[in-house]
Protein chains: 2
Amino acid sequence: MAYADQYIDKLRKSGLRPTKQRIKICEVLFDADKTFHFTIKELVKIIENQANIKVSLATVYNTVHAFMKKGYLKEIPLNASQSYYDTNVSHHHHFFDEEENKLIDIHQEDVDEVKIKRTIPGKKIRSVEVIAKIVSDNQSQK
Amino acid sequence: MAYADQYIDKLRKSGLRPTKQRIKICEVLFDADKTFHFTIKELVKIIENQANIKVSLATVYNTVHAFMKKGYLKEIPLNASQSYYDTNVSHHHHFFDEEENKLIDIHQEDVDEVKIKRTIPGKKIRSVEVIAKIVSDNQSQK
DNA sequence: TAATACATTATATTTATTCTAAACTGTTGA
DNA sequence: TCAACAGTTTAGAATAAATATAATGTATTA
């Protein structure tokens with residue numbers, strides 16, 4: 001509640017109408033000081049559990065996408081609408097061309113080994129992959 | 001054709017029966033010297049175009065998954081069945097726990113900057129993300 | 001070659017996501 | 001304050017990828 005005004009502001013400044021549903025979604029997403037990861041379904045459940053407000057799946061999709069456009073949320077680049085397979089089973093990385101939905105290999109020698117200094121107790125790293133998303137460079141076309 | 005025997009061997013050694021469909025799939029995937037990326041649908045189309053053989057979607061799915069289990073193909077870790085979003089919009093990377101389907105942040109300071117030495121003409125890099133897949137480390141539990 | 005175990009297939013199912021069109025709500029200005 | 005409009009929400013339909021099912025077909029074996 002304390003934050004509601006702040007969210008109304010945030011939404012207005014983004015050109016989004018501050019509706020009951022959007023304010024509730026803001027509260028769930030931004031009230032806590034720590035960040036978190038979620039799927040659409042998880043978000044719907046959290047909202048149902050925390051409030052009397054009913055929010056449809058479609059609204060959550062719309063709002064999450066609107067928030068992404070505004071930079072309030074980020075999609076984790078772990079997903080594509082379909083699976084891609086590779087006949088090159090050696091260790092290498094990829095460019096993903098977002099405009100053409102195409103993958104391009106980056107050979108291992110073109111990337112320095114990625115060293116992760118953090119570990120998770122009881123877990124080991126099975127693979128490390130780098131995905132570099134690329135788009136047209138309009139600057140260089142002038 | 002020239003490679004068919006070799007593929008029959010490869011399949012037998014993997015405990016897969018060398019059927020017409022599987023041999024055709026091998027030819028499409030492994031005949032050329034260069035590697036390539038594909039989706040299931042693309043593979044179905046290529047097979048239809050290159051041969052008289054009809055292959056059902058289900059067979060291609062089954063075979064591609066069998067080949068992955070054997071290490072002949074790799075799935076590009078760009079996919080999850082659903083999208084994950086993050087309220088942390090700062091630049092950082094992720095662990096993905098494959099057993100629990102959970103994401104864990106890796107802060108930027110825990111990974112050295114990833115430098116990619118290759119460029120694609122007319123394209124610029126929009127984002128570089130590291131996904132480290134983790135699984136239980138049974139070694140350390142003894 | 002017969003028996004069996006494995007494969008293939010068309011079709012149905014499941015799941016995530018997007019679309020649609022009708023009902024509803026926030027906003028604006030008289 | 002209220003009417004009118006534009007933007008929003010919603011249930012349900014549509015789409016699309018992936019998986020499951022069960023009947024038919026095929027490779028293997030002895």
Side-chain angles (χ1 to χ4, degrees), chain A residues 4-5 7-28 37-45 47-48 51-70 73 75-85 98 101 103, chain B residues 4-5 7-28 37-45 47-48 51-70 73 75-85 98 101 103:
Chain A
D5 288 349
Y7 296 140
I8 291 174
D9 257 27
K10 192 173 185 171
L11 289 166
R12 276 228 179 80
K13 278 181 190 153
S14 312
L16 297 172
R17 283 190 184 168
T19 62
K20 266 192 314 214
Q21 291 86 345
R22 281 181 182 153
I23 292 165
K24 188 74 226 162
I25 292 172
C26 280
E27 282 171 16
V28 168
H37 307 119
F38 61 92
T39 63
I40 298 293
K41 269 201 168 172
E42 284 165 2
L43 188 48
V44 170
K45 266 185 214 155
I47 293 167
E48 277 177 5
N52 305 330
I53 291 174
K54 264 236 157 192
V55 187
S56 74
L57 253 187
T59 299
V60 175
Y61 272 103
N62 292 342
T63 306
V64 164
H65 287 166
F67 285 177
M68 276 202 296
K69 216 174 262 172
K70 298 297 171 190
L73 294 175
E75 188 167 14
I76 294 171
L78 187 72
N79 32 273
S81 55
Q82 55 191 333
S83 290
Y84 288 83
Y85 304 90
E98 296 195 301
N101 262 36
L103 284 158
Chain B
D5 287 350
Y7 296 141
I8 291 173
D9 257 27
K10 192 172 186 172
L11 288 165
R12 278 229 175 79
K13 278 181 188 154
S14 312
L16 296 173
R17 284 189 181 167
T19 62
K20 266 192 313 214
Q21 291 86 345
R22 282 181 182 153
I23 292 165
K24 189 74 226 164
I25 292 172
C26 280
E27 283 172 15
V28 168
H37 307 119
F38 60 92
T39 64
I40 298 293
K41 270 200 166 171
E42 283 166 2
L43 188 48
V44 170
K45 265 185 215 156
I47 292 167
E48 277 177 4
N52 305 329
I53 292 175
K54 264 236 158 192
V55 187
S56 72
L57 252 188
T59 298
V60 175
Y61 273 104
N62 292 341
T63 307
V64 164
H65 286 164
F67 285 174
M68 277 203 294
K69 217 174 262 172
K70 298 297 169 191
L73 294 175
E75 188 168 12
I76 293 170
L78 187 71
N79 32 274
S81 56
Q82 56 191 332
S83 289
Y84 286 83
Y85 303 91
E98 295 195 304
N101 262 36
L103 284 157

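The side chain of B:Y61 contributes an N or O atom lying less than 4.0 Å from OP1 or OP2 of D:dA18. Contact check, A:R12 against C:dT27: a side-chain N or O comes under 4.0 Å of OP1 or OP2.
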Between protein and nucleic acid, restricted to nucleotides 28-30 of chain C and to nitrogen or oxygen atoms under 3.5 Å apart, what atom pairs and distances do you find?
none

I'd like a table of atom pairs between the protein and nucleotides 8-10 of chain D - only N or O on both sides, under 3.5 Å - with the distance next to each one.
{"unit_1": "D:dT8", "atom_1": "OP1", "unit_2": "A:R17", "atom_2": "N", "d": "3.2"}
{"unit_1": "D:dT8", "atom_1": "OP1", "unit_2": "A:R22", "atom_2": "NH1", "d": "2.6"}
{"unit_1": "D:dT8", "atom_1": "OP1", "unit_2": "A:R22", "atom_2": "NH2", "d": "3.4"}
{"unit_1": "D:dT9", "atom_1": "OP1", "unit_2": "A:T19", "atom_2": "OG1", "d": "2.5"}
{"unit_1": "D:dT9", "atom_1": "O3'", "unit_2": "A:Q21", "atom_2": "NE2", "d": "2.9"}
{"unit_1": "D:dT10", "atom_1": "OP1", "unit_2": "A:Q21", "atom_2": "NE2", "d": "3.3"}
{"unit_1": "D:dT10", "atom_1": "OP1", "unit_2": "A:K54", "atom_2": "O", "d": "2.6"}
{"unit_1": "D:dT10", "atom_1": "OP2", "unit_2": "A:S56", "atom_2": "N", "d": "2.9"}
{"unit_1": "D:dT10", "atom_1": "OP2", "unit_2": "A:S56", "atom_2": "OG", "d": "3.3"}
{"unit_1": "D:dT10", "atom_1": "OP2", "unit_2": "A:T59", "atom_2": "OG1", "d": "2.8"}

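In this structure, B:E42 places its CD atom 15 Å from P of D:dA16, rounding to the nearest Å. When the P atom of C:dA16 is taken as reference, atom CZ of A:F38 falls 15 Å away, rounded to whole Å. In this structure, B:I40 places its CD1 atom 9 Å from C1' of D:dA18, rounding to the nearest Å. Rounded to whole Å, atom C1' of C:dT27 lies 13 Å from atom CD1 of A:I8. Between A:M68 atom CE and C:dT18 atom C1' there is a gap of 13 Å when expressed in whole angstrom units. Protein atom CD1 of B:I23 is 14 Å distant from nucleotide atom C1' of C:dT8, rounded to whole Å. B:L43 places its CG atom 12 Å from the P atom of D:dA18, with the value rounded to the nearest Å.
Counting heavy atoms from C-beta on, the side chains of A:L16 and A:R22 come closer than 4.5 Å. Contact check for A:L57 versus A:I40: side-chain heavy atoms found under the 4.5 Å cut-off.
Note: A:T63 OG1 to A:I23 CD1 = 11.5 Å, rounded to the nearest 0.5 Å. Distance CG/A:L43 to CZ/A:F38: 5.0 Å, rounded to 0.5 Å. The CG atom of B:L73 sits 10.0 Å away from atom NE2 of B:H65, with the distance rounded to the nearest 0.5 Å. Between the CD1 atom in B:I53 and the CD atom in B:E27 there is a gap of 7.5 Å [rounded to 0.5 Å]. Distance check: A:L11 CG to A:F67 CZ gives 5.0 Å after rounding to the nearest 0.5 Å.
In this structure, B:S14 and B:K70 approach most closely via the heavy-atom pair O-CE, 2.9 Å. Residues B:L103 and A:H37 approach most closely at O-ND1, 3.3 Å, considering heavy atoms.
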